[in-house]
Amino acid sequence: MMILDRLLNFLPWALATLMIAAMVHLVSVLLMPALAPKDAYARLASYAKTVGINEGVVALPPITPGAEILPFEDASFVEAACIYDLSRRPYHVTASAEGEDFFGLSFHASGGRIYHAITDRSAIKGKFDIILGNTRQMEAIENASDGAAPLQEVRITAPTSRGFVMLRVLAKRGSDQARIREQLKSVKCENFDLPKN
Amino acid sequence: MFLERYSLYLRAGLVMIAGLLLGLFTTVLSLNAGYGFNALEAGPWTAWPSVGVPDSDPYARAVIARTGETPLGRDQGLVFTASTDSSGAPLDGACDYTLEDPTPPARFWTLGIVSTKGSLFANPTGRFGYSSADILRHEGGGFNINVSRNMQTGNWLSPGEAHQFSFILRLYDTPLDVDTQPKADRFPKITKLNCA
């Protein structure tokens, strides 16, 4: 009897502990993307700052041991990133996918999660022409063009006003790296003014 | 006297502290265990296709934010990692391994070696992986990669001085079906040779 009494006394406290643990667990998992100090956005932004690039394309250096900007990247790739801020103006990305190289563009929210991705397979006539904006900006653009987008243009609504676009081109052989690095210089990333109407 | 009077408050305080610690502990455990749900497994190889889609689950988002990686989009490719050999024994830097074909269908693939934190191992050849285009193949198209701390002929990858490492197989533009578990015999076989 004594043991049962003690157990019954202890039970509500154990349940309370588990309840609090469950809440702490859920809240900490959900808050992680907002609070993690070294997410991909922070890593790219701090690299851009050290090389002194405030806007446009940030060419990432070749991936070498000890000098990786992002973890788990493929060393066979030549990479660049465009860090955007949509709080005032929408964003325009243009790039051309030449030849047979694998060319991937992925669009990431500030916590690093992906919200859109395309490859050279879906480029139109070898060109990427992408408009990024928040819901309000996209509506203004839709209204200005009466819903008829230019043929090659892709419009994407971004979930957060800050984020980045990763550009990755596969260098099939090490000797292709220099050529692809040169090719990535033609990529343009810039904010633009909303059409007035 | 004092303790008796406030024992309920003391207990409540202990419950809160215990709950907080237990909650954070389970968070760390679950974030170290992979990238959330729906893992694809093929022998030693594991991929998490759900990290590459817009509606990824909260665990996948939390892991990505914490490690600082930028996942591939699901339509771009799939990333498989292996931290054991084909018999299930953990990979050990002191041992030599050989990786053999086949590879699953993909427009391109790369096969490399990384630390558990996702960084590369320094080595004199500056080789961190092979691609479907630049790997040396046998007659008939097959290949094998020698993995050792000591330099080898042919395709060679080195874990450097590390004890733990992973192999990472990236399939670009792959038609692999992510709704069913892939067959292990379509993935590279990892065989332990001898240990130092």
Side-chain angles (χ1 to χ4, degrees), chain A residues 13-14 16-36 38-44 63-66 68 70-77 81 102 104-108 111-119 121-122 159 164 166 168 170-174, chain B residues 11-12 14-16 18-27 30-31 51-54 56 58-77 79 81 107-108 110 112 114 117-123 126-134 160 168 170 172-173:
Chain A
W13 299 102
T17 308
L18 287 182
M19 286 284 279
I20 292 174
M23 278 192 285
V24 168
H25 174 71
L26 286 179
V27 168
S28 57
V29 168
L30 290 176
L31 281 183
M32 188 65 78
L35 296 181
K38 287 192 78 185
D39 62 17
Y41 180 87
R43 286 165 192 252
L44 289 170
I63 302 160
T64 49
E68 298 99 337
L70 302 166
F72 292 105
E73 286 300 307
D74 194 333
S76 313
F77 272 63
F102 175 92
L105 276 87
S106 53
F107 299 80
H108 302 260
R113 76 175 176 92
I114 207 160
Y115 62 87
H116 194 84
I118 47 177
T119 68
R121 287 257 167 108
S122 45
F164 60 94
M166 274 303 280
R168 295 185 173 105
L170 176 63
K172 279 187 273 183
R173 291 170 188 79
Chain B
R11 278 196 194 183
L14 278 179
V15 161
M16 282 188 237
L20 185 74
L21 292 179
L22 190 62
L24 291 178
F25 180 66
T26 50
T27 299
S30 61
L31 296 192
V51 297
V53 293
S56 52
Y59 287 95
R61 288 182 192 187
V63 177
I64 285 165
R66 197 166 79 120
T67 60
E69 60 197 283
T70 46
L72 271 187
R74 175 59 203 95
D75 300 334
Q76 297 180 317
V79 180
T81 52
R107 184 171 151 212
F108 297 110
T110 65
V114 289
K117 296 238 180 258
S119 50
L120 304 174
F121 298 117
N123 68 73
R127 260 283 177 195
F128 313 107
Y130 290 90
S131 78
S132 48
D134 72 356
I168 185 159
R170 301 176 176 90
Y172 295 101
D173 271 340

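Letters A, B, ... are given to chains in the order of the sequence lines, protein chains preceding strands, and every chain is numbered from 1. Being a predicted model, the structure only gives us computed values, none of them experimental.
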Problem - Donor-acceptor side-chain pairing of T70(B) and R43(A) below 3.5 angstrom - result: no

Exercise for the section: Identify whether the distance between the nearest side-chain nitrogen and carboxylate oxygen of R170(B) and D74(A) falls below 4.0 Å. Expected result: yes

Problem - Minimum heavy-atom distance between G68(B) and P71(A), given as atom pair plus value - result: O-CD, 3.3 Å

Practice task
Could you tell me which non-hydrogen atom of E69(B) sits nearest to which non-hydrogen atom of A40(A), and how far apart they are?
Solution key: O-CB, 3.9 Å

Problem - Structural part of I118(A) lying under 4.5 Å from a heavy atom of chain B - result: backbone

Handout entry: Heavy-atom contact with chain A under 4.5 Å, split by part of N123(B)
Key = neither

Exercise for the section: Mind ranking L70(A), T119(A), V29(A) by heavy-atom pairs under 4.5 Å with chain B and telling me who comes out on top? Expected result: V29(A)

Practice task
Indicate the atoms forming the closest heavy-atom contact of F128(B) with I63(A), along with that distance.
Solution key: CE1-O, 4.0 Å

Handout entry: Minimum heavy-atom distance between S30(B) and H25(A), given as atom pair plus value
Key = OG-CE1, 3.4 Å

Exercise for the section: Tell me, for S106(A) versus chain B, whether the close heavy atoms (under 4.5 Å) come from the side chain, the backbone, both or neither. Expected result: both

Fill in the blank from the handout: The interface call for R61(B) against chain A, heavy-atom contacts under 4.5 Å, is both

Fill in the blank from the handout: Counting heavy-atom pairs under 4.5 angstrom with chain B, the leader among M166(A), H116(A), E73(A) is E73(A)

